[in-house]
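As the structure is a computational prediction, the values presented were derived from the model and not from experiment. Throughout, a chain's letter reflects where its sequence line sits, starting with A, and its residues are numbered from 1.
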Amino acid sequence: MSIEGSFNPKDIEQDLYAEWEQANYFAPSGNGPSYCIMIPPPNITGSLHMGHAFNQTLMDTLIRYQRMAGKRTLWQMGTDHAGIATQMLVERKLLADGVSRHDIGREAFTEKVWEWRKESGGTISQQIRRMGSSLDWSRERFTMDEGFSRAVREVFVRLFDEGLIYRGQRLVNWDPRLRSAISDLEVENHDENGHLWHFRYPLKDRKTTDGKDYLVVATTRPETMLGDTAVAVHPEDERYKDLIGATVVLPLVGREIPVIADDYVDPEFGSGCVKITPAHDFNDYEMGKRHDLPMVNVLNPDATMHESVPEAFRGLDRYEARKAVVAALESEHRLDTIEPHKLKVPRGDRSGEVIEPYLTDQWFVRTGPLAEPAIEAVEDGRIEFIPKQFENTYFAWMRNIQDWCISRQQWWGHRIPAWYDADGNVYVGRSEAEVREKHSLAEAVALTEEEDVLETWFSSALWTFGTLGWPEETEELSQFHPTDVLITGHDIIFFWVARMIMMTMHFTGEIPFKKVYIHGLVRDALGNKMSKTKGNGLDPLDFIEGVELEELVAKRTNNLTQPQMAPRIEKSTRKDFPEGITSYGTDALRFTFCAMATLGRDVRFDVKRIEGYRNFCNKLWNATRFVLQNTDGHDISGESTPSLVDRWVLSKLRGTLAEARLALETYRFDLYASAIYEFAWHEYCDWYVELTKPLLWNEEATPEELTGTRRTLLEALEILLRAAHPVMPFITETLWRDVAPMLGKATSSIMIEAYPEPADLAEDTEAETAVEWLKGVIVGVRNIRGEANIKPSQSVSLLLQGGDASDRLLADTTDALLRRMAKIDDIQWLEADDEPPANALALVGDLKVMVPLAGLIDVGAEKERLSKEIDKLDKDIKRLEGKLGNDSFVAKAPEAVVQKERDKLSDATGKRDALKVQLAAL
RNA sequence: GGGCGCUUAGCUCAGUUGGGAGAGCGACGGCCUUACAAGCCGUAGGUCGCAGGUUCGACCCCUGCAGCGCCCA
């Protein structure tokens, strides 16, 4: 027996994982039906955060369950090249040595990135192993490995050939810091304080109805006025109707631009006149197209002013230009008013930089045709979101989907497989050679490869089939695709889930997964989003391994983008974790996540919770110690006579198994966790183990009885460990390896054992009834003892009266148990007409359970206890009488419901009356 | 502005066809009882956000309102 002392996760988790991995237990095996989950590939730049830990706990729980349940499981591992994030990281590293990526050039730079990946890209893989995640590492993929790259090229070329990818000049979201286009989804709009500037644009040879020779236009972005190509008014606006078609002279520039009419203009906003800058605003762009306006670009890629603007502004940064434009207009008396204004400012989700709508040549996916079948698949239920309401989110976005800008002006990523000739003609193909052949281009024709790369989500969209070998028709594809369930956060439904559905259906004709389980975000104890800047981030590894306070403070305050936050972060950290964080272990962390995984809700991570589940681990540990102490060295192979409680615990366990399986099949991880917790602690430990002691320590017990109980202690525990293994793999494995051999089990690991089924155990209503009766009597006596402050060491006598033959029989069979569990030294039955001595009373059905006062019990306290009980019953009775006195209730409610209420009433009345008699007798 | 969600014990949250309001933590009282003080036994605590409606009956269904949160524009 190796289980000793108390539960110490550090002692047991270290080696088990390596052993499992070495034994190849994570790879698909067996001939069962296949079951597959694809990991949302973590970024190679990433380190494990609470979101990963949560996400993976759920996946691993499912995979381990399904594996044990006989499925041929594949949990596919892989990482994402994370284009922008990785490039930024490596660039920063180079810059620290004073080198920019432009200094060394594209080829050398990407070489550096590969080097970095080799050295540091594996961090997260090691951390994932600490979570116990049973991923198939042997098939690990990377979104830029050779096979995956081939799939990406293949998809691009086919989409292009089908006319679903096109290249063109469009207004896109431009990140001036990255100097790249980004997609709509990568733009975050936040309210910020700004100003609304009102300018006077002179009318050429015209006057307004109120006699002015100018129009007032308002803007939040003065610098863009240099690119104005029209002023728009609402067609029905009486003030300006006559001026439609008139000409305005653009100040500072001198360009003559028309006054146009468009429904889009809100006459209520500002003056009702709007300046139109088609090259720098999405709405203006659309209006420009409608009215065939010229597009004047005024910005360079780094958001300095373009040479198309008047000389005074050229080369200025956009914000300097803003001041300069305002100043210049003011000096020309063209500035009307300035007012404070709240506006939505678009920022890049990676860089934080203010995004510019910018006119550039980019590659786009025509999403309409791809979206249609993807919408249908969810509508007809082939793909199901859990919880269901996320389908609305999905539909809303998909039904209004815009073309997808997929090109990025970056170096790290999948290079777009396109080539240009000297005339700017573009050729798309899997390789330059293929392009030349396809288009009969002689060697003499010079071709330049496209510089742009694909955005990362383009390749992630191919994840479910790309990892399984597509475009080859592999064994894996036919076996594991479509995958069974995707488990992910709601933040990437559009980024990833929707695009996967579109791409997968288009290229494989199959859905990528049957279910999408959407979980919430992990927040801190106060419900705040965890962030580095706020310094409230929690590291899952700190909960697993523990961390000293000083180290935690250092971790949270190092490398802050806003170093001025450090003192505040330090203070709150010292307050929240005065002792640092102790080691709770992986199992406790996983159990916490499971228990908190309720549908459609974010998770507030509270240390108190994980502490409770660490205690639960300790409870299991000690229960196992008890079982082993009482079984080790005993031969349990012989004849056995299971006791009533033996039969009871197995019957209860049967119910727990049914609950656990149902919960897991319906993704109710919380219910699964609580079924395990409830049985293990409150049935097995609190009652069963205690109820075995009288027999185990009874010198007169027969060998058959002892064997029956010893067997059952082991059997129930062994089954419980298997049932709990998916959520707490390490402790269950450790304990199981000591428990299972006692039962003659020979396999080497719990993780390849069968998941227990309710059918493995017998339902035993007789035993359940009996033990529930016994518990009732024990609790009754305990209540009396507790309320009367009778010391636990003090034995009491017990008087029983009333009830029927079954009460007598039950009391008889459970005599020894009763005596021990309620510390009773003497039990006597009174006849119906016997007058009991002064006593404290508890009722179990019709049975009176009495503890004689005999100087033990404070009469006052007992009277108070009885009165309280009577009050409670009176309330119930009143409510029940009211209900049953209501004719329409009796007439309209189902008979069973009415009968139930009647039974409750007679129960309560009987009980109340008995207690009243008792109270009077005291 | 549109959509979705949340509001239940001091705190964090369950409550699955509408029919006796639950758990964990915390609080209080008592226990070093030969697995476990990371434990054991017991107790207290809720007009289920507010106002209407449907129903014999509403935490649950409908409407409106308030507060909070998220997504989209």
Side-chain angles (χ1 to χ4, degrees), chain A residues 3-8 184-185 189 282-283 344 387 389-393 395-397 400 490-491 493-494 520-521 523 525-527 529 582 584 588 592 595-596 598-630 662-663 666 668 670-671 673-674 677-678 681-682 685-686 689-690 692-693 696-697 713 778-779 781-794 820-823 865 868 876 879-880 882-884 886-894 896-898 900-901 903-905 907-908:
Chain A
I3 309 294
E4 273 165 23
S6 61
F7 167 65
N8 184 357
D184 302 348
L185 286 175
N189 290 293
F282 286 102
N283 290 315
K344 292 278 186 198
Q389 69 257 21
F390 284 107
E391 290 179 4
N392 295 332
T393 314
F395 288 140
W397 190 71
N400 187 32
H490 55 68
D491 48 338
I493 293 179
F494 308 143
L521 259 49
R523 298 170 177 278
L526 298 171
K529 221 173 188 166
T582 55
Y584 294 106
T592 308
M596 296 176 86
T598 57
L599 290 179
R601 223 174 154 126
D602 285 348
V603 165
R604 289 195 192 196
F605 197 89
D606 186 348
V607 186
K608 285 288 176 195
R609 224 37 210 270
I610 191 173
E611 192 178 324
Y613 294 125
R614 188 271 320 262
N615 295 351
F616 178 59
C617 291
N618 189 45
K619 191 75 179 171
L620 275 181
W621 184 272
N622 282 297
T624 304
R625 282 182 62 209
F626 172 85
V627 172
L628 294 175
Q629 278 166 14
N630 285 282
L662 177 66
T666 54
R668 290 301 305 265
D670 56 329
L671 297 183
S674 71
Y677 184 94
E678 175 64 23
W681 200 315
H682 297 308
C685 291
D686 285 353
V689 164
E690 293 306 319
T692 61
K693 288 175 181 174
L696 290 173
W697 300 344
L713 274 168
I778 292 167
V779 167
V781 177
R782 278 181 184 168
N783 287 352
I784 292 169
R785 300 185 65 117
E787 291 291 288
N789 266 329
I790 299 172
K791 289 227 178 297
S793 53
Q794 173 79 54
R820 182 187 153 87
M821 298 291 287
K823 187 93 179 164
R865 187 180 74 91
K868 255 196 304 195
D876 282 353
R879 189 176 50 80
L880 289 163
K883 208 167 183 179
L884 288 162
N886 182 342
D887 291 341
S888 43
F889 169 69
V890 179
K892 294 188 180 176
V897 173
V898 178
K900 215 165 125 193
E901 299 294 303
D903 293 347
K904 279 192 283 190
L905 179 60
D907 255 28

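Distance, K892(A) NZ to G18(B) P: 18 Å, rounded to whole Å. Atom CG of D686(A) is separated from atom P of G24(B) by 10 Å (rounded to the nearest Å). Atom P of nucleotide G15(B) and atom CG of D670(A) are separated by 7 Å, given to the nearest angstrom. Summarising the geometry, the separation between CZ on R668(A) and P on A14(B) is reported as 8 Å, rounded to the nearest angstrom. With rounding to whole Å, D491(A) atom CG is found 11 Å from C72(B) atom P. Between K900(A) atom NZ and C56(B) atom C1' the separation is 16 Å, expressed in whole Å. Between the C1' atom of U34(B) and the CG atom of N630(A) lies a distance of 10 Å, rounded to the nearest Å. Residue I778(A) contributes atom CD1, which lies 15 Å from atom C1' of G42(B) at whole-angstrom precision.
Atom CG of residue N615(A) and atom CH2 of residue W681(A) lie 5.5 Å apart, to the nearest 0.5 angstrom. Interatomic distance, NE2 of H490(A) versus CG of D602(A), reported as 4.5 Å (0.5 Å rounding). Separation of atoms NZ (K823(A)) and CZ (R782(A)) is listed at 13.0 Å; rounding is to 0.5 Å. Once rounded to the nearest 0.5 Å, the distance linking CG of L628(A) with CG of L713(A) reads 10.0 Å.
Here W697(A) counts as stacked on U34(B): its ring centre is under 5.5 angstrom from the base ring centre and the planes meet at under 30°.
Nucleotide A37(B) is matched to nothing when pairs are restricted to Watson-Crick or G-U wobble geometry with both distances under 3.5 angstrom. Partner assigned to C65(B) is G49(B), using Watson-Crick or G-U wobble distances below 3.5 angstrom. Remark: G1(B) base-pairs with C72(B); criterion is Watson-Crick or G-U wobble with both hydrogen-bond distances under 3.5 Å. Base-pair partner of A9(B): not found among the strands shown (Watson-Crick or G-U wobble, both distances under 3.5 Å). With a cut-off of 3.5 Å on both Watson-Crick or G-U wobble distances, the partner of G26(B) is given as none. A58(B): no Watson-Crick or G-U partner with both key distances under 3.5 Å is found in any strand.
Nucleic acid contact class of R604(A) (heavy atoms, under 4.0 Å, all strands): sugar-phosphate only. Counting non-hydrogen atoms under 4.0 angstrom, E678(A) reaches nothing in the nucleic acid. Using a 4.0 Å heavy-atom cutoff across all strands shown, E901(A) reaches sugar-phosphate atoms only and no base atom. Among the protein residues, A396(A) comes within range of no part of the nucleic acid, since none of its heavy atoms lies under 4.0 Å from any strand. Contact annotation for L671(A): base contact, defined as any heavy-atom pair under 4.0 Å involving a base atom. Within 4.0 Å (heavy atoms only), C617(A) reaches no atom of the nucleic acid at all. Heavy atoms of V890(A) sit nowhere under 4.0 angstrom from any nucleic acid atom. Among the heavy atoms of the strands, none lies under 4.0 Å from R785(A).
When the side-chain nitrogen and oxygen atoms of N189(A) are compared with OP1 and OP2 of C72(B), none of them lie within a distance under 4.0 Å. Contact annotation: W681(A) side-chain N/O to C40(B) OP1/OP2 distance is under 4.0 Å. Side-chain N/O atoms of R625(A) include none lying less than 4.0 angstrom from OP1 or OP2 on C36(B). In this model, the phosphate group of A14(B) is approached by a side-chain N or O of T598(A) to a distance below 4.0 Å at OP1 or OP2. Taking 4.0 angstrom as the limit, K791(A) places none of its side-chain polar atoms (N or O) nearer than this to OP1 or OP2 of C41(B). The shortest distance between the side-chain N/O atoms of H682(A) and the OP1/OP2 oxygens of C41(B) is not below 4.0 Å. Close to A35(B), at under 4.0 Å from its OP1 or OP2, lies no side-chain N or O of K619(A). Residue K608(A) has no polar side-chain atom (N or O) positioned under 4.0 Å from OP1 or OP2 of C25(B). Considering only side-chain N and O atoms, N783(A) lies under 4.0 angstrom from the phosphate OP1 or OP2 of U43(B). A sub-4.0 Å separation between OP1 or OP2 of C25(B) and a side-chain N or O of R609(A) is absent. Put simply, R523(A) has no side-chain N or O that comes within less than 4.0 Å of OP1 or OP2 on U12(B). At the phosphate of C31(B), neither OP1 nor OP2 sits under 4.0 Å from any side-chain N or O atom of R782(A). R601(A) has a side-chain polar atom (N or O) that falls below the 4.0 Å cut-off from OP1 or OP2 of U7(B).
Spacing between A9(B) and C48(B) at atom C1', rounded to whole Å, works out to 10 Å. Rounded to the nearest Å, the gap between the P atom of A14(B) and that of G5(B) is 15 Å. Of the C1' atoms belonging to U17(B) and C4(B), the separation is 24 Å, rounded to the nearest Å. Between the P atoms of U63(B) and G29(B), the separation comes to 49 Å (whole Å). Atom P of G26(B) sits at a distance of 39 Å from the matching atom of A66(B), rounded to the whole Å. Taking atom C1' in both G19(B) and G24(B), the straight-line distance is 28 Å, to the nearest Å. Taking atom C1' in both C70(B) and G52(B), the straight-line distance is 29 Å, to the nearest Å. A distance of about 23 Å separates the P atoms of C6(B) and A73(B), rounded to the whole Å.
Between the side chain of D606(A) and the backbone N or O of A525(A) there is no donor-acceptor pair closer than 3.5 Å. Side-chain atoms of R785(A) come within 3.5 Å of backbone N or O of A822(A) as a donor-acceptor pair. Without hydrogens or angle criteria, N618(A) side chain to F7(A) main chain gives a donor-acceptor distance under 3.5 Å.
Checked against C31(B), C56(B), G5(B), the side chain of Q389(A) finds its nearest nucleotide in G5(B). Nearest nucleotide to the N622(A) side chain, out of A35(B), G19(B), U33(B): A35(B). You'll find that the side chain of K883(A) is closest to G20(B), out of G24(B), A35(B), G20(B). Between U43(B), A38(B), G20(B), one nucleotide has an atom nearer to the side chain of N615(A) than all others, and that is A38(B).
A salt bridge links E901(A) to K883(A): one of the charged nitrogens lies within less than 4.0 Å of a carboxylate oxygen.
A centroid separation of 6.0 Å or more is found between the aromatic rings of Y584(A) and Y613(A).
Closest-nucleotide positions on RNA chain B for E690(A) and K344(A) were compared, and the one nearer the 5' end corresponds to E690(A). Between F494(A) and N886(A), the residue anchored nearer the 5' end of RNA chain B, judged by the nucleotide with its closest heavy atom, is N886(A).
Nearest heavy-atom pair across I610(A) and T592(A) is CA-OG1, 3.3 Å.
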